[in-house]
Novice: 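What follows is a single structure, and I will ask about it in a moment.
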Amino acid sequence: MKILRFIVMMILFSSVSIVCAQSTVEQSESNTDSVKYEKELMEIEVKVNRKYVKPTGRGIKVSMAGNPVAKLGSAAEMMKQLPMIDTSKGGIDILGHGTPQIYINNKLVSNASELTSLSAADIKDVEIVTNPSAKYGTDVSSVILIRTKKHNEGFHAIAAGNGAMSEAFSASGDVNVNYHTESGFTFFGDFSYGTSAYRQKRYYGEKFYIPGESNEVFHTQTHSNARSRSRSFSADGGVNYDFGKHSVGVKYYFYHTPKSHYYDNANTETDAREDVSVISSCTDLNSNSSTHRVNMFGDFALPLNIGMRIDADYVGSLKRSLSAVDENKSEGWVRNSNRTVSDLWAAKLVLTGKIQNTEIEVGSDISHTSNNQDFASAASDNLSFLRPGEDDVKQNLYAVFGSFDWTPDQKWNVYGGIRWEATDSKYRHDNLLNSDLSRTYGNILPNIGVCFNSGIYVTLFYRASVYRPNYQSLDNNYIYVTPTLWETGNPELKTALVHRIGLNLSYKNFSLQSSFRINERNSSAVYYYDSDKGENVTKPINLPRYNSLQIVAVQRLDFGLWHPALQGVFYIQDLRYGAPRRKYDKPLYTLSMNNRFDIPGGIYAYLNIFGMGTGNQDVVYSHGAWMASLTLNKSWKRWTFILSANDLFGTWRQPFDTETNTVAYSSNREGGSQSVSLSIRYTMNSAKGKYKGKTARQDEIDRL
């Protein structure tokens, strides 16, 4: 009945949206974010409507010219109000496509502070790509391309500050300076500093039995109060030189978290331990990290209208953490320490050209990654599976790719490409090579798409992608979660492969994106009882092959001063997994309504309502939750003020279940979402020159 009810809701949602869209067409041909320009010519008032959102073969493109969202101060605030953007997890996601890679003038955004320091008024347009081309990393499911306006000569600076009050106080500030000369030099630097904190009430429930011994079911319930506080700062600087049609540049970036502290005070009731049934525990985790990154690039115009792009990266990072758990006033204890050193070298070459009405792009990239992790664990009862160790993983990756974009006429567009990747990895544990975990393999990854535009914009495409596990998920260390549950990694994880067939439709202000996926070796965390250890264990594994269907619908409307946008996602899968074998096929959906109100006096109000329904994604079951947020924006001369309230009514929860093998695990988190914040931004000569470097292998950097 839930499935039937949701299908009826989707049909009504689409029908009402199209009817509303048609009723507003006679008043305006613009979309949600269209604006009306008026001018008098020969005593005749001429009104011109402009569309902000236009479909493309790979997604949508949003113009910022005259767009009210360009008044939201920073690019970070502006992007939260764009179509198909989901901010329910606290970051910037694309509906149905996860966290995107974000580029500013072809240069990859490596830290969120870059979006905070970029003025929304400097942006020309934003393109949201849900079907990236072959030149992007194989595990890149979506991309956001930000293009800025032409730079001016002289000195430019932006300063911004933010304060947020929730259960704890957080604050941040950043400064961006830039000097651009008439001869083509751009000197730039950025600095940001911030503190973040939250408090949460958490619940963890476990229901499990021991296979082969009895049918007795054991229960563990843990209630805890968690709090966290961290400090971080980043700085970067560099130079960009434009000469003729050529550009070269270098940039150094440093990010440091000097201290991050997490504390959890918990009470547990369990019938799975013979010695005690009520356990009080305290978890104290301290960590710090630092990252150095150097990027160099060259962009050259060769004869025959051929463009050549060269990018090179070095990334070095160091992470340390120390955790201490004490049970029943230190009667029992667990200690964990971890130190990870990572290095990455990467280079990328891309050649572009055009033959008549066909754009061609070919290239190659190479990377070498080294990830070394030392860990040590100990417990008061000398658990045998807690022992010091060292994991060392080295990987060489080679790739070549080619793509084309053919536009025979105004109605048709055909694009496609192919990417070949070969990976050679060596895995060592305690300095001993493990041949079973050291792998050499290759993947051929094609993509093809056909677009037709005649009033209705239709795109049909196919794309293959691979997803490599991050290095933290490969380690052998065990981490304490509850008195009866431990968490560990899995060095046997393999690369996941996804085949995606998609059909996108756009008509006026309505768009629909649907995709059918074949998921092979997808990675997900599961739970099971380990009889050798006498404990429940959670770790990531490769799931068996399964299929999934996803539909994303967006309807943008205009009613005078009110500009709503309705967005929905429907997801269903046919996953079967576990011993005993279970079905994970309950449909999952999300619905949201984003509203912009144009208030007299140059004030803009944004009211966003988001709801998540019940259903499965992988082996996780969501119980659903909803929340509302409000943002007020006012610009005055060089100043921009933004007042925001998140989770207005304190309704947001995170209730999830995972029932796998012999363990049923439940979690529920409350808090850390409700807050009020004020941002103040001052801009001096906002239009400025931009650094044009970009990364060679961001997908590999993310794995660190």
Novice: Within a strict 4.5 Å, meaning less than it, do heavy atoms of the Leu318 and Arg339 side chains meet?
Specialist: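 They are in side-chain contact.
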Novice: Given 3.5 Å as the limit, does a donor-acceptor pair link the side chain of Asn490 with the main chain of Pro540, or not?
Specialist: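 Judged by distance alone, yes, a pair lies under 3.5 Å.
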Novice: Run the side-chain contact (heavy atoms from CB on, under 4.5 Å) test on Asp424 and Lys394 for me, step by step, so that the C-alpha distance in whole Å, both residues' side-chain angles and the decisive distance to 0.1 Å come before the verdict.
Specialist: CA-CA 8 Å; Asp424 176 24; Lys394 289 183 169 58; over 6 Å; no
Novice: Could you check whether atom NZ of Lys201 has more than 12 heavy atoms from other residues, nucleotides or ligands sitting under 6.0 Å from it?
Specialist: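 Counting other residues, nucleotides and ligands, NZ of Lys201 stays at 12 neighbours or fewer.
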Novice: Could you give the distance from OG1 (Thr484) to OH (Tyr204), rounded to the nearest 0.5 Å?
Specialist: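 These two atoms lie 13.0 Å from each other.
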Novice: Does Arg387 have any side-chain contact (heavy atoms from CB on, under 4.5 Å) partners at least two apart in sequence or in another chain, and if so, which?
Specialist: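 Arg387 satisfies side-chain contact (heavy atoms from CB on, under 4.5 Å) with no other residue.
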Novice: When the ring centroid of Trp486 is compared with that of Tyr480, is the distance short of 6.0 Å?
Specialist: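 Under 6.0 Å, so yes.
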Novice: Which of these, Ser673, Ser166, Ser629, sits in a side chain to side chain donor-acceptor pair (under 3.5 Å) with Asp647?
Specialist: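 Filter result, single survivor: Ser673.
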Novice: Given 3.5 Å as the limit, does a donor-acceptor pair link the side chain of Arg227 with the main chain of His261, or not?
Specialist: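 No, the answer is negative, given that no donor and acceptor are paired below the 3.5 Å cut-off.
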Novice: Under the 3.5 angstrom rule, does the side chain of Ser228 hit a backbone N or O of Tyr198 as a donor-acceptor pair?
Specialist: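 Checked: no pair found.
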Novice: May I ask you to decide if Asp374's main-chain N or O and Glu390's side chain share a donor-acceptor pair within less than 3.5 Å?
Specialist: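 Answer holds: no.
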Novice: Using a strict cut-off of less than 4.0 Å between a Lys/Arg side-chain nitrogen and an Asp/Glu carboxylate oxygen, indicate whether Arg147 and Glu127 qualify as a salt bridge.
Specialist: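 Answer for the salt bridge query: yes.
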Novice: For the residue pair Arg231 and Tyr193, establish whether any side-chain heavy-atom pair is separated by less than 4.5 Å.
Specialist: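 In short, these two side chains touch, coming nearer than 4.5 Å.
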Novice: Tell me yes or no: between the side chains of Asp343 and Tyr314, is some donor less than 3.5 Å from an acceptor?
Specialist: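 Indeed, the side chains of Asp343 and Tyr314 share at least one donor-acceptor pair under 3.5 Å.
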Novice: As an exercise, state the distance from CD1 of Ile85 to CD1 of Ile94, rounded to the nearest 0.5 Å.
Specialist: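 Between atom CD1 of Ile85 and atom CD1 of Ile94 there are 5.0 Å.
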Novice: Do any N or O atoms from the side chain of Gln101 and from the backbone of Ile144 form a donor-acceptor pair under 3.5 angstrom?
Specialist: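 No, the answer is negative, given that no donor and acceptor are paired below the 3.5 Å cut-off.
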Novice: May I ask you to decide if Leu432's main-chain N or O and Asp430's side chain share a donor-acceptor pair within less than 3.5 Å?
Specialist: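 The answer is no, because no donor-acceptor pair under 3.5 Å joins these two groups.
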Novice: Using ring-ring contact (aromatic ring centres under 6.0 Å, His included) as the criterion, list what pairs up with Phe656, not counting sequence neighbours.
Specialist: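 Partners of Phe656 under the ring-ring contact (aromatic ring centres under 6.0 Å, His included) test: none.
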Novice: Asn286 versus Arg320: any side-chain heavy-atom pair under 4.5 Å?
Specialist: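 SC-SC contact between Asn286 and Arg320 ruled out.
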Novice: Calculate, to the nearest 0.5 Å, the distance between atoms CZ and CG belonging to Arg428 and Asp391 respectively.
Specialist: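 Nearest 0.5 Å value for the CZ-CG distance: 12.5 Å.
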Novice: Can you check side-chain hydrogen bond (donor to acceptor under 3.5 Å, both in side chains) on Ser290 and His256, steps first, answer last?
Specialist: CA-CA 4 Å; Ser290 60; His256 183 46; 4.6 Å; no
Novice: Apply side-chain hydrogen bond (donor to acceptor under 3.5 Å, both in side chains) to Asp174 and Ser192, showing your working.
Specialist: CA-CA 4 Å; Asp174 56 85; Ser192 66; over 6 Å; no
Novice: Could you tell me if the side chain of Asn594 sits less than 4.5 Å from the side chain of Tyr606, heavy atoms only?
Specialist: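 No. Closest side-chain heavy atoms not under 4.5 Å.
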Novice: Going by ring-ring contact (aromatic ring centres under 6.0 Å, His included), name the residues that satisfy it together with Tyr467, two or more places apart in sequence or in a different chain.
Specialist: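 ring-ring contact (aromatic ring centres under 6.0 Å, His included) check on Tyr467 returns nothing, list empty.
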Novice: Start with the C-alpha gap between Arg681 and Glu77, add the side-chain angles, then the distance that decides, and say whether salt bridge (charged side-chain N to carboxylate O under 4.0 Å, His left out) holds.
Specialist: CA-CA 12 Å; Arg681 185 181 187 87; Glu77 291 293 333; over 6 Å; no
Novice: With rounding to the nearest 0.5 Å, note down the distance linking CG in Asp264 to OG in Ser323.
Specialist: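 One finds 12.0 Å between CG of Asp264 and OG of Ser323.
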Novice: Just verifying a value: how many Å separate Phe188 CZ and Tyr179 OH, rounded to the nearest 0.5 Å?
Specialist: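 Going from the CZ atom of Phe188 to the OH atom of Tyr179 covers 16.0 Å.
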Novice: Would you find a donor on one side and an acceptor on the other, under 3.5 Å apart, between the side chain of Thr195 and the backbone of Ser170?
Specialist: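 The answer is no, because no donor-acceptor pair under 3.5 Å joins these two groups.
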Novice: Any non-hydrogen side-chain atom of Asn338 less than 4.5 Å from a side-chain atom of Gln373?
Specialist: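 A side-chain contact exists here, since the closest heavy-atom pair is under 4.5 Å.
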Novice: Taking the side chain as C-beta and beyond, is there a heavy-atom pair between Val315 and Thr291 under 4.5 Å?
Specialist: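 Val315 vs Thr291: side chains touch.
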Novice: First locate atom OG1 of Thr148, then atom CD1 of Ile104, and finally report the distance between them rounded to the nearest 0.5 Å.
Specialist: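 The distance works out to 8.5 Å.
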Novice: Donor-acceptor pair, Arg335 side chain versus Val325 backbone, under 3.5 Å?
Specialist: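 Such a contact is found between Arg335 side chain and Val325 backbone.
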